[in-house]
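What's counted below: heavy atoms across the whole structure, side chains too, no hydrogens, waters or symmetry copies.
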Amino acid sequence: MGLIQRSLSSTVRKRVREFLKTFSGEPPTPEETRLRLEFVLRARAEVAAGSGDLLRILAPTAAADALGDPDRIAAYAETLAAEAAINAAAGNQERASAIRIHGLALAREAQRRMRSPDTDLDRLIDHEGELD
């Protein structure tokens, strides 16, 4: 992947993190949940470049191979962590847990492939797939 793809991945990661900071401690309304999920799914679509549905069903290593660049893998993993957080806030704990586990596996794969340390990715893994 080239510099443009890495830049896109970094931008998506920053946007998702900033977006999560806007959440209040109150349980979201169904409309807020829908809007939050739409935002995260759009961000993921940017990273997945049209392969999102396929990536969801692939094993983590195969999904990482399809994404290619470690920054892209990390961005995809962080969108999964964000989706898990949104589902947890909406009371969908079982779905949140399944998504978090998938995201954590991809985060570990991204970490394994990184050429240099990534503190945000390390923190995601340390927190078992939860963004802080």
Side-chain angles (χ1 to χ4, degrees):
M1 281 294 132
L3 182 60
I4 293 172
Q5 189 61 48
R6 266 184 243 121
S7 177
L8 171 68
S9 299
S10 294
T11 300
V12 167
R13 291 175 77 186
K14 287 177 190 169
R15 259 195 349 241
V16 167
R17 287 181 177 281
E18 290 301 315
F19 179 67
L20 290 176
K21 289 178 184 176
T22 68
F23 294 5
S24 71
E26 298 295 316
T29 66
E31 179 67 7
E32 288 171 327
T33 297
R34 184 185 66 75
L35 292 172
R36 289 172 179 182
L37 286 171
E38 282 179 11
F39 175 88
V40 169
L41 294 176
R42 276 194 310 272
R44 185 175 310 138
E46 287 180 55
V47 173
S51 302
D53 291 338
L54 174 64
L55 295 173
R56 294 285 293 224
I57 62 172
L58 292 176
T61 303
D65 288 345
L67 288 164
D69 184 77
D71 291 321
R72 239 177 120 194
I73 301 165
Y76 189 83
E78 288 183 3
T79 66
L80 289 169
E83 183 182 355
I86 292 165
N87 275 282
N92 302 324
Q93 299 303 327
E94 190 172 309
R95 179 161 174 72
S97 179
I99 294 167
R100 188 176 299 110
I101 288 167
H102 186 64
L104 180 59
L106 278 163
R108 286 184 174 130
E109 191 60 32
Q111 184 184 49
R112 188 180 72 72
R113 296 174 185 216
M114 284 285 180
R115 294 174 227 14
S116 59
D118 182 312
T119 56
D120 289 331
L121 189 59
D122 294 343
R123 197 168 33 255
L124 176 64
I125 292 167
D126 290 345
H127 292 138
E128 296 294 314
E130 290 186 22
L131 293 168
D132 51 23

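Applying the salt bridge (Lys or Arg N to Asp or Glu O under 4.0 Å) test to pairs two or more places apart or on separate chains, those with a residue in residues 19-28 are Glu18-Lys21. Sorted pairs that involve residues 93-129 and meet ring pair (Phe, Tyr, Trp, His ring centres under 6.0 Å), not counting sequence neighbours, are lacking altogether. The ring pair (Phe, Tyr, Trp, His ring centres under 6.0 Å) pairs that include a residue from residues 69-95 number zero, where partners must be two or more places apart or lie in different chains.
For Phe23, the ring pair (Phe, Tyr, Trp, His ring centres under 6.0 Å) test picks out Phe19, with sequence neighbours left out. In this structure Arg100 satisfies the salt bridge (charged side-chain N to carboxylate O under 4.0 Å, His left out) test together with Glu130, sequence neighbours excluded. Ser116 meets the side chain to side chain contact (heavy atoms under 4.5 Å, CB included) test with no other residue; sequence neighbours excluded. A search for salt bridge (charged side-chain N to carboxylate O under 4.0 Å, His left out) contacts involving Asp122 returns nothing, not counting sequence neighbours. The side chain to side chain contact (heavy atoms under 4.5 Å, CB included) search around Ala82 returns Val16, Leu20, Val40, Leu131, not counting sequence neighbours. With sequence neighbours left out, Leu41 forms a side chain to side chain contact (heavy atoms under 4.5 Å, CB included) with Arg44, Glu83. Not counting sequence neighbours, the partners of Asn92 by the side chain to side chain contact (heavy atoms under 4.5 Å, CB included) test are Asn87, Ala90, Arg95. With sequence neighbours excluded, the residues satisfying side chain to side chain donor-acceptor pair (under 3.5 Å) with Glu38 are Arg34. Residues meeting the salt bridge (charged side-chain N to carboxylate O under 4.0 Å, His left out) test with Arg36, sequence neighbours left out: none.
The two residues Ala88 and Gln93 make their nearest non-hydrogen contact at O-NE2, 2.9 Å. The minimum heavy-atom distance between Pro28 and Thr33, with the atom names listed, is CG-OG1, 3.3 Å. The two residues Ala107 and Ala77 make their nearest non-hydrogen contact at N-CB, 3.6 Å. Between Leu106 and Ala63, the closest heavy-atom pair is CD2-CB, 3.9 Å. Pairing each heavy atom of Ala66 with each of Arg72, the nearest pair is O-NH1, 4.4 Å. Considering every non-hydrogen atom in both Leu104 and Leu124, the closest pair reads CD1-O, 4.4 Å.
Note that CE of Met114 and CG of Asp69 are 7.5 Å apart. Values are rounded to the nearest 0.5 Å. Atom CG of Leu37 and atom CD1 of Ile86 lie 5.0 Å apart (nearest 0.5 Å). Between the OG atom of Ser9 and the CD atom of Glu78 there is a distance of 10.0 Å, given to the nearest 0.5 Å.
For the pair Arg13 and Leu121, the minimum side-chain heavy-atom distance is below 4.5 Å. By the 4.5 Å heavy-atom criterion applied to side chains, Arg56 and Ile99 are counted as neighbours. Side-chain contact check for Arg113 versus Glu109: some heavy-atom pair is nearer than 4.5 Å.
Linking ILVMFWY side-chain heavy atoms closer than 4.5 Å, directly or via other members, places Ile101 and Ile125 in two distinct hydrophobic clusters.
For Arg115 and Asp71, the salt-bridge test fails: no basic side-chain N is under 4.0 Å from an acidic carboxylate O. At a threshold of 4.0 Å, the pair Arg123-Asp126 does not count as salt-bridged, since none of the basic side-chain nitrogens sits closer than that to a carboxylate oxygen.
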List the steps and the verdict of side chain to side chain contact (heavy atoms under 4.5 Å, CB included) for Thr79 and Val12. CA-CA 9 Å; Thr79 66; Val12 167; 4.3 Å; yes
Would you please test Glu46 and Arg15 for salt bridge (charged side-chain N to carboxylate O under 4.0 Å, His left out) and show each step? CA-CA 12 Å; Glu46 287 180 55; Arg15 259 195 349 241; 2.5 Å; yes
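More than 12 non-hydrogen atoms from other residues, nucleotides or ligands lie less than 6.0 angstrom from CD of Glu31.
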